[in-house]
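The structure under discussion appears below in the form of structure tokens.
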Amino acid sequence: MAAIISALFIIFGIMGLGFAAERRQFFPSSMGLCLNRFVYWVSLPALLFTQMCTIPMDESTRALVWGGLAASFIGYGAFYFLFSTGLRRNGPEATLRTLATCFPNAAFFGLPFIMMVYPGSEAAINANMLCALLYTGVSITADVSLELFRGARMSASTPNAPSARSATFRRIGRELARNPMLQASAAGLVIGIFHLPLPEAVLRISSMLGSTCAPLALFSMGMALSSQISGALGPFSLRASLLPLSVIALGKLLLYPLLAYAVMTLVGCSGVMLAAATVTFAMPVAVLVFILAERDGSNVAETSMAVVSTTALSLVTLPLVMGALSLAGLY
């Protein structure tokens, strides 16, 4: 447990430095965005490339991939049903709440945590990286849904709905083709699966760039949280959003990892990969969910608060998840 507390202290300490730097305006206002872009376009793809070049495609890895995919979409379907039926909210609002519950901060928050609680474990890092890629499926599902809802809202005044739908799918296709994480992962998998020769210098460059991912991601996340708290919330009614925020927090931080553990165990995933994947599922809401909400213009304040509140609550819930895994003999 001491290692877990130490890891959380380090993670929130670096985030706190980023938070304070943004509050005190030590850097230009665009600094947080620049760090975010560097992590997204350079250091995280470099880390993914390095890991995928060496990842073993054994039975446990395949079980994690299929189990993680199944858990992601089972969770997405179940929580969408809950938000749309139980809380009687359809359309973009239910979609964003569902995505908040099913899209953990695997890379910016999860990766540094996994590296610290499983020091030197390639299997744990591989599990985290694979999970970060698997969550792309639910984000694409939500993105398509939001675009279709937007198209439906415009259909009353625009009779050209079919072309709007095709434009949506073309845009998403272009975004996937340009996604640096998918490109780096695909290149690394091809090299690893076919055992293609790669110059040592290339691997060293990607490894050095990848090593910057964890501290820069945490620092930029602290800056992003500060800007969200200070300026991005807008008009916000805590009373109206308390119930959905509570459901998001409970689902994201406890129920979702429990579902993932059960499904991945069922398909044969075990050991360190099962434990690291379960912990990754237990990470707080990813900042990307807020970005999608802001782009769509729906539920922006509530989504922002979901990111902030689940990040704070993870100080309590992550030790609980790790404690449960310890009882199961996985930590």
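The figures here come from the full heavy-atom set of this structure, side chains too, leaving out hydrogens, waters and symmetry mates. Computed from a prediction, not measured in an experiment: that's the story for all the values here.
- For the pair Met273 and Ala123, the tightest heavy-atom approach, listed with the atom from each and the gap, is CG-O, 3.8 Å.
- Here the side chains of Val308 and Pro284 are not in contact, with every heavy-atom distance at 4.5 Å or above.
- Of all heavy-atom pairs spanning Gly137 and Thr141, the tightest one is O-OG1, 2.9 Å.
- Leu253 and Leu258 are members of different hydrophobic clusters when ILVMFWY side chains are connected at heavy-atom separations under 4.5 Å.
- For Arg37, the CZ atom counts as loosely surrounded, since its 6.0 Å shell holds 12 or fewer non-hydrogen atoms of other residues, nucleotides or ligands.
- Looking at Leu225, Val287, Leu35 one by one, the single match for side chain to side chain contact (heavy atoms under 4.5 Å, CB included) with Ser220 turns out to be Leu35.
- Grouping the Ile, Leu, Val, Met, Phe, Trp and Tyr side chains by contacts below 4.5 angstrom, directly or via other members, places Met129 with Val190.
- Taking each heavy atom of Cys131 and Thr280 in turn, the nearest pair found is CB-CG2, 3.8 Å.
- Side-chain polar atoms of Thr50 and Ser206 form a donor-acceptor pair below 3.5 angstrom.
- Scanning all heavy atoms of the two residues, the minimum distance from Val321 to Ala282 falls at CG2-CB, 4.0 Å.
- Atom CZ of Phe26 has more than 12 neighbouring heavy atoms from other residues, nucleotides or ligands inside a 6.0 Å radius.
- Taking the centre of each ring, Tyr76 and Tyr135 stay at or above the 6.0 Å mark.
- In the hydrophobic cluster analysis, where Ile, Leu, Val, Met, Phe, Trp and Tyr join through side-chain heavy atoms closer than 4.5 angstrom, Val117 is grouped together with Leu315.
- Residues Met264 and Gly68 approach most closely at CG-N, 3.8 Å, considering heavy atoms.
- Residues Trp41 and Met31 are members of one and the same hydrophobic cluster, defined by side-chain heavy-atom contacts under 4.5 angstrom among Ile, Leu, Val, Met, Phe, Trp and Tyr.
- Tracing side-chain contacts under 4.5 Å through hydrophobic residues (I, L, V, M, F, W, Y), one never reaches Leu274 starting from Leu327; they form parts of separate clusters.
- Residues Pro112 and Leu218 approach most closely at CB-CD1, 3.7 Å, considering heavy atoms.
- Of the options Leu64, Val263, Thr61, a side chain to side chain contact (heavy atoms under 4.5 Å, CB included) to Cys269 is made by Leu64 and by none of the others.
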